[in-house]
Amino acid sequence: MNMFWALLAMAWGSFSGSSVTSDQGVQAFPSITNNFNTAIIQSQQDQVVIDADNPPAKIDPQPDAPIVKGIYVTAYSAGGARMKELLELIDNSELNSMVIDIKDDLGYITYPTENKTLLEMGTSQPFIRDIDALMKRLQKHDVYPIARVVVFKDTILAEKNPELSFKNKDGSVWANSKGDSFVNPYSKEVWDYNVAIAKEAAKLGFKEIQFDYVRFPEGFENRADTLKYTKTDKSRVDIVAEFVQYARKELAPLGVRVSVDIFGYAASVPAAEGIGQDFVKISENVDVISPMVYPSHYSTGWYGVKDPDKDPYTTIKGSMEDTHKKLDPTEELKPIIRPWIQDFTASWLGSGHYVKYGKKQVEDQIKAMKDMNVDEYLLWNASNRYTPGVNYE
């Protein structure tokens, strides 16, 4: 209770000491709620001990954020000609946000950075040649900017710093069947590298940091005892949750939210111990959780549907029911639910098992979320070609 009153006093001091006079001569004050939130966030940064089993009280560093409805934008699109078309889509629809790659799937930092620490560990590939001009452009179009940072899937960092990766018995850097390498979630150096990128993004003007690939490689449980890497006595689930908790502790004082992408089916199954993802533990430590609930990614039988890709409404509705069931018990720690939904055609599923996605399929997904009291969402299309004429309300 003493801590509560101390924080309230701090907030009130800031509130009462920063009054201004408007043009009409009336005293105008900043929100006492915002000042109180800021005081608690600062206190958490100074006092919270990172512990997966003890998430701190959740205070939103972006209480005035809009209801986010956004699209994924590659760094190549953000720095190229397609950005004009994507901004027109935002301007002429209910969409209001862009999730932009700031550290991409290979591990490249996608803009020119002068941060020596980042360049010593990683590599800049400036698809976005003028990041300041991009941020001004987003502000002009009233776009809520979210920086996507791919975390532990990082071929660039693994090859440049093998000691931070998983190594084969012969000392070579391990890679999966697609040639992608991962870095070690047990490494505090890896944590700090990604958080440093996120902090720079926050200073550039991004309002939220979205972390992706916050996990060990798929199937890691089958090779955990054969690969060489540094680890502690913490479980994989706890170490991943603690990275997220640490990132939020570091970033909240900068006034930015933290969000995490997670497999959609994580809401419907027990914790994925192999890759270190526990839907609840991660959700308790973020402001926003973004389950990737693409209907094409569910196999036959999910939610009673033979071909989930062909029935987006039922698939999304079922996934949202499971998401609420999983997160409702977290009460005040429950994050904003903002799913990734599908705006692409999954032809790889084979004839008879998919449909061409267009206006109806996208709107069916939106309706399913709305029927489950989920108002925020993000559209994924890897090539950034989004369906025209969709009603996004």
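A centroid separation of less than 6.0 Å is found between the aromatic rings of Tyr303 and Tyr298. Aromatic rings of Tyr111 and Phe127 (six-membered ring for Trp) have centroids beyond the 6.0 Å cut-off, not under it. Aromatic ring centroids of Phe220 and Phe182 lie 6.0 Å or more apart.
Using a distance-only test at 3.5 Å, with no hydrogens or angles considered, a donor-acceptor pair links the side chain of Gln245 to the main chain of Asp51. Judged by distance alone, the side chain of Ser290 and the main-chain N or O of Trp340 form no donor-acceptor pair under 3.5 Å. Checked by atom type and distance alone, the side chain of Asp101 never pairs as donor or acceptor with a backbone atom of Lys103 at under 3.5 Å. Judged by distance alone, with hydrogens and angles left aside, the side-chain atoms of Gln210 form no donor-acceptor pair with the main-chain N or O of Ala147 at under 3.5 Å. A donor-acceptor contact shorter than 3.5 Å is absent between the side chain of Arg257 and the backbone of Glu208. A donor-acceptor distance shorter than 3.5 angstrom exists from the side chain of Asp311 to the backbone of Thr314, with no hydrogens or angles considered. Within the 3.5 Å criterion, the main-chain N or O of Val150 finds no donor-acceptor partner in the side chain of Asp154. Between the side chain of Asp278 and the backbone N or O of Val280 there is at least one donor-acceptor pair closer than 3.5 Å. Using modelled atom types, no side-chain atom of Tyr294 and backbone atom of Asp309 make a donor-acceptor pair closer than 3.5 Å. With hydrogens and angles disregarded, a donor-acceptor distance shorter than 3.5 Å links the side chain of Asn176 to the backbone of Gly179.
Side-chain atoms of Thr113 and Glu200 form a donor-acceptor pair, as typed in the model, at a separation below 3.5 Å. For Ser181 and Glu159, the side-chain atoms include no donor-acceptor pair closer than 3.5 Å. In the model, Asn384 has a side-chain atom that pairs as donor or acceptor with a side-chain atom of Thr74 under 3.5 Å. Defined by atom type and a distance below 3.5 Å, a donor-acceptor pair is present between the side-chain atoms of His324 and Lys334.
The 12-atom threshold is not exceeded at CG of Asp225, counting heavy atoms of other residues, nucleotides or ligands nearer than 6.0 Å. The environment of CD1 in Ile67 is sparse: at most 12 heavy-atom neighbours from other residues, nucleotides or ligands sit within 6.0 Å. Other residues, nucleotides and ligands place more than 12 heavy atoms under 6.0 Å from the OH atom of Tyr229. The number of heavy atoms from other shown groups lying within 6.0 Å of CG (Asn222) is above 12. Heavy atoms from other residues, nucleotides or ligands lying under 6.0 Å from CD of Gln139 number 12 at most. The local environment of CD in Glu332 is crowded, with over 12 non-hydrogen atoms from other residues, nucleotides or ligands closer than 6.0 Å.
At a threshold of 4.5 Å between non-hydrogen side-chain atoms, the residues Met135 and Leu138 count as touching. At a threshold of 4.5 Å between non-hydrogen side-chain atoms, the residues Ile100 and Ile128 count as touching.
With rounding to the nearest 0.5 Å, the separation of CG in Asp132 from CG in Leu134 is 9.5 Å. Once rounded to the nearest 0.5 Å, the distance linking CD of Glu120 with CG of Asn161 reads 10.0 Å. Note: Asp261 CG to Gln277 CD = 9.5 Å, rounded to the nearest 0.5 Å. Distance check: Asp364 CG to Lys317 NZ gives 13.5 Å after rounding to the nearest 0.5 Å. Put simply, OG on Ser299 and NZ on Lys306 are 14.0 Å apart, with the number rounded to the nearest 0.5 Å. Note that CD1 of Ile239 is 4.5 Å distant from OG1 of Thr232, once rounded to the nearest 0.5 Å.
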field: Glu88/Lys84 under salt bridge (charged side-chain N to carboxylate O under 4.0 Å, His left out): CA gap, chis, key distance, verdict
entry: CA-CA 6 Å; Glu88 287 175 354; Lys84 180 176 183 295; 2.8 Å; yes
message: Run Lys367 and Asp371 through salt bridge (charged side-chain N to carboxylate O under 4.0 Å, His left out) and show every step you take.
response: CA-CA 6 Å; Lys367 184 178 188 305; Asp371 288 349; 2.9 Å; yes
message: Checking Trp302 against Ser268 for the side-chain contact (heavy atoms from CB on, under 4.5 Å) test, could you report, in this order, the C-alpha distance in whole Å, the side-chain angles of both residues, the deciding distance, and whether it holds?
response: CA-CA 10 Å; Trp302 275 94; Ser268 308; 3.5 Å; yes
message: Go through it in stages, so that I can follow the logic: the residues are Lys69 and Glu376, the test is salt bridge (charged side-chain N to carboxylate O under 4.0 Å, His left out), and I'd like the CA-CA distance, side-chain angles, deciding distance and then a yes or no.
response: CA-CA 5 Å; Lys69 299 179 179 183; Glu376 301 198 12; over 6 Å; no
Check against side-chain contact (heavy atoms from CB on, under 4.5 Å), Glu321 and Met372: CA-CA 7 Å; Glu321 286 176 342; Met372 292 304 300; 3.2 Å; yes
query: Under the salt bridge (charged side-chain N to carboxylate O under 4.0 Å, His left out) criterion, do Arg236 and Glu273 qualify, and how do the steps go?
result: CA-CA 7 Å; Arg236 290 191 287 273; Glu273 303 281 349; over 6 Å; no
message: side-chain hydrogen bond (donor to acceptor under 3.5 Å, both in side chains), that's the test. Do Thr110 and Asp104 meet it? Break it down for me.
response: CA-CA 7 Å; Thr110 64; Asp104 68 15; over 6 Å; no
- prompt: Does the pair Tyr193 and Leu157 meet the rule for a side-chain contact (heavy atoms from CB on, under 4.5 Å), with working shown?
  reply: CA-CA 10 Å; Tyr193 171 62; Leu157 184 59; 3.6 Å; yes
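Screening Lys58, Lys207, Arg248 for a salt bridge (charged side-chain N to carboxylate O under 4.0 Å, His left out) involving Asp287 leaves a single residue, Arg248.
If you chain together hydrophobic residues whose side chains sit under 4.5 Å apart, Leu204 and Ile102 fall into the same group. At a threshold of 4.5 Å between side-chain heavy atoms, the hydrophobic network of Ile, Leu, Val, Met, Phe, Trp and Tyr places Val49 and Tyr186 in two separate groups.
Between Asp53 and Lys281 a salt bridge is recorded (basic side-chain N to carboxylate O distance below 4.0 Å).
Scanning for side chain to side chain donor-acceptor pair (under 3.5 Å) contacts around Gln125 gives an empty result, with sequence neighbours left out.
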